[in-house]
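For this chain, numbers begin at 1 and follow the sequence in order. Treat the numbers as computed from the prediction; the structure is a model and nothing was measured.
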Amino acid sequence: GQLLFELYSPELVNAQDDYIQAVKSGSQFLLNASRERLLALGISEQQIREIKKNRRSSQFVRVYAPQDGIVAKLLVREGMYIAPDMEVMSLADLSSIWILAEVFESQANWVQENQPADVSLSYVPGRTWEGKVEYIYPSLNQQTRTLKVRLAFKNMDETLKPNMFAKVTIYGGPKQDVVVIPREALIRTGGTARVILKSDKGRFQPREVVVGIESGDWIEIQAGLQAGDTVVTSGQFLIDSEASLKASLQRMQTPALTPPEKPTQPATDTMDHSQHQMPDATPAAGMDHSQHQMESAQNPSDTDKNEQAATQAKITGNGILREIFAGEGKVKMSHGPIAELKWPEMTMSFNVNPTVKLEDFKPEDAVEFELQKGDNGYVIKSMRIVKK
C-alpha cells in the first residue's frame with residue numbers, strides 16, 4: 001500500500017476524462033467499460049474512487065506497492081521517460097521463497113509434485129526448513145544432465161536469501177517389500193554395479209545388480225539378488241593390493257587367458273577371508289574357482305596352445321540364461337564345461353553378436369551357443385533354445 005512513484009501520461013489522462021464523462025452520462029454500460037479500461041492501464045481502485053468522487057482527472061497517476069517486501073531492482077530515476085514494456089522496479093517478498101534444486105538424471109523419475117522436502121545450510125548448522133515440491137520442469141539440462149525442480153518454503157525470518165546455496169532432501173515416500181543391502185557392500189565400476197555374493201560352502205562370486213533408490217545407509221536392489229542372500233561388505237577393499245579394483249573385477253567376469261608372469265604362483269586375485277566384514281563367513285573358506293569367472297595360473301605354453309586351438313576349432317557349449325541385457329547386447333549365463341577352451345562349469349557374462357535377436361529369449365531358457373574370438377574376449381556368435 002505504500003506509494004512507490006508517480007507518472008504522467010496523456011493516454012492515462014484521456015482515459016480518466018472518458019470515465020468522468022461516463023459518470024456524468026449515467027450510462028451503466030459506458031461507466032463499466034471506462035472503468036475496466038482504467039484498471040487495465042494500471043490505475044488503482046482507490047484512485048478510480050477519487051476520480052469518481054471529485055469528477056476531476058489527475059495529471060499524475062500514483063503507483064502503490066502490491067505487497068510487502070524489499071526493492072530488489074530500481075531501474076529508473078526521477079524525470080526519466082519510460083515505455084509500457086519497461087521494468088521500473090522489482091519487489092521481492094522473502095517471507096516465502098522458491099528453491100531451485102538440481103536432481104540427477106538417474107533419480108529424475110522418483111520426484112513427484114507435493115512431495116515433502118527439507119533444506120539445510122552449511123552456515124546455519126542444526127536448523128532445517130520444511131517445504132514441498134511445487135513444480136517439476138519438463139526437460140533436463142543438456143550440460144549437467146540434471147532435472148530442475150522448484151520447491152516452496154516459508155521464510156518468515158528471511159534467513160534464506162536469494163542466490164544462496166543449500167542442501168536439499170526430497171522424500172519420495174516409503175516402498176514396501178524391497179531388497180536392500182548396506183551401501184558399503186555395493187561396488188560401482190563404470191556403468192555397472194556389482195556385489196560379492198557368498199555362495200554354497202563359503203565360496204564367493206561377483207554378481208551384477210540393478211540399483212534402485214538410496215536411503216541413508218541402505219540401497220535398494222531391483223534385480224540380481226534375493227532376500228536372504230549374503231553379500232560381502234566393503235569387499236572391494238579386500239581384493240589383492242597388487243591389482244586395481246577395475247582389473248580385478250574384469251578378471252572375475254571373463255576367463256583370464258593371458259599367462260601371469262610367475263606361472264608357478266597362484267592367481268593374483270585372492271580375498272583376505274580373515275578380514276571379511278560378512279556375516280557367517282568362515283575364515284578357512286576358499287575361492288570357488290568352479291563358480292568364479294577367474295582362471296588359475298597355467299603354463300604359458302599350454303595357454304598358447306589352448307588359445308591357438310580355440311581359434312581354429314568350432315567352439316560350442318550349453319547353458320542356462322540368467323539375465324538378458326538386450327539394450328547392451330549382453331547376457332549372463334551359467335554354462336557347462338567348454339572342452340575347446342578347457343573352461344570349467346561357471347557363470348559369466350558374454351557380449352552377443354547383433355545378428356542374434358535377444359528378444360526371442362528369456363531368463364532360465366536352456367540354450368546351445370557358439371563362441372567366436374573377438375578383440376575383447378569371446379562373443380556369442382549364434383544361440384538357439386533347446387529343450388531341458
message = For a quick test of reading the model, state the closest non-hydrogen atom pair linking V179 to A227 and the distance between them.
response = CG2-N, 4.0 Å
ask   = Does CD in Q226 sit with more than 12 non-hydrogen atoms of other residues, nucleotides or ligands closer than 6.0 Å?
value = no
key: Considering all heavy atoms, the nearest L186-A193 contact   = CD1-CB, 3.8 Å
Stepwise side chain to side chain donor-acceptor pair (under 3.5 Å) check, R194 with T192 = CA-CA 7 Å; R194 294 180 175 84; T192 63; 3.2 Å; yes
Under 3.5 Å: donor-acceptor pair, side chain of Q115, backbone of Q112 = yes
inquiry  = Could you go through S27 and S25, starting from their C-alpha distance and side-chain angles, then the distance that decides it, and tell me whether this counts as side chain to side chain donor-acceptor pair (under 3.5 Å)?
reply    = CA-CA 5 Å; S27 171; S25 69; 4.9 Å; no
query = For residues Q28 and N32, is any side-chain donor paired with an opposing acceptor at under 3.5 Å?
reply = yes
request  = Begin from the C-alpha positions of D18 and S34 and carry the test side chain to side chain donor-acceptor pair (under 3.5 Å) through to its verdict.
outcome  = CA-CA 7 Å; D18 291 343; S34 56; over 6 Å; no
request  = Assess whether atom CE of M156 is packed by more than 12 heavy atoms of other residues, nucleotides or ligands within 6.0 Å.
outcome  = no
Pairing of R207 and E323 as salt bridge, 4.0 angstrom limit = no
message = So for atom CD, which belongs to E11, do other residues, nucleotides or ligands contribute more than 12 heavy atoms lying within a distance under 6.0 Å?
response = no
inquiry  = The criterion is side chain to side chain donor-acceptor pair (under 3.5 Å); which residues satisfy it with N155, sequence neighbours excluded?
reply    = none
message = Test of understanding: with side chain to side chain contact (heavy atoms under 4.5 Å, CB included), list the residues that count as partners of F5, not counting sequence neighbours.
response = L7, V63, V88, M89
task = Measure from the ring center of W343 to the ring center of Y378 and say whether it is less than 6.0 Å.
result = yes
message = Suppose we screen for side chain to side chain donor-acceptor pair (under 3.5 Å). Which residues come up paired with E368, at least two apart in sequence or across chains?
response = R384
key: Set of residues satisfying side chain to side chain donor-acceptor pair (under 3.5 Å) with respect to E134, sequence neighbours excluded   = W98, R150
inquiry  = Once you measure the plane-to-plane angle for F369 and F350, does it fall in the parallel (<30°), tilted (30-60°) or perpendicular (>60°) bin?
reply    = tilted
message = Tell me whether the count of non-hydrogen atoms from other residues, nucleotides or ligands lying under 6.0 Å of CG in D68 goes above 12.
response = no
remark   = Output for pair (I196 CD1, T233 OG1), nearest 0.5 Å, gives 11.5 Å
inquiry  = Can you list everything that forms a salt bridge (Lys or Arg N to Asp or Glu O under 4.0 Å) with R127? Sequence neighbours excluded, please.
reply    = D157
Nearest heavy atoms of D118 and E130, plus distance in Å = OD1-CG, 3.6 Å
T146 and E102: side chain donor to acceptor below 3.5 Å = yes
message = Can you confirm whether more than 12 heavy atoms, excluding those of K362, are under 6.0 Å from its NZ atom?
response = no
query = Any sub-3.5 Å donor-acceptor pair from N141's side-chain atoms to T144's backbone N or O?
reply = yes
ask   = Are the side chain of S44 and the backbone of Q47 linked by a donor-acceptor contact shorter than 3.5 Å?
value = yes
Nearest heavy-atom neighbours spanning Q67 and A92 = NE2-C, 4.2 Å
Atom pair CG/CD of N351 and Q372 - distance to nearest 0.5 Å = 12.0 Å
inquiry  = To the nearest 0.5 Å, what is the distance between CG on L30 and NZ on K24?
reply    = 14.5 Å
ask   = Any salt bridge between K357 and D360, counting N to O under 4.0 Å?
value = no
N/O donor-acceptor pair under 3.5 Å between D365 side chain and V367 backbone = no
key: Straight-line distance of T316 OG1 to L371 CG, nearest 0.5 Å   = 8.5 Å
query = Looking at E50 and R62, does any basic side-chain N land under 4.0 Å from a carboxylate oxygen?
reply = yes
message = Within a 6.0 Å radius of atom OH on Y135, are there more than 12 heavy atoms belonging to other residues, nucleotides or ligands?
response = yes
ask   = Of all residues at least two apart in sequence or in a different chain, which pass the side chain to side chain donor-acceptor pair (under 3.5 Å) check with S334?
value = R322, T347
query = Closest approach of A15 and L41, non-hydrogen atoms and distance?
reply = CB-CD1, 3.8 Å
request  = Say whether, by atom type as modelled, one donor and one acceptor occur between the side chain of Q59 and the main chain of V13 under 3.5 angstrom.
outcome  = no
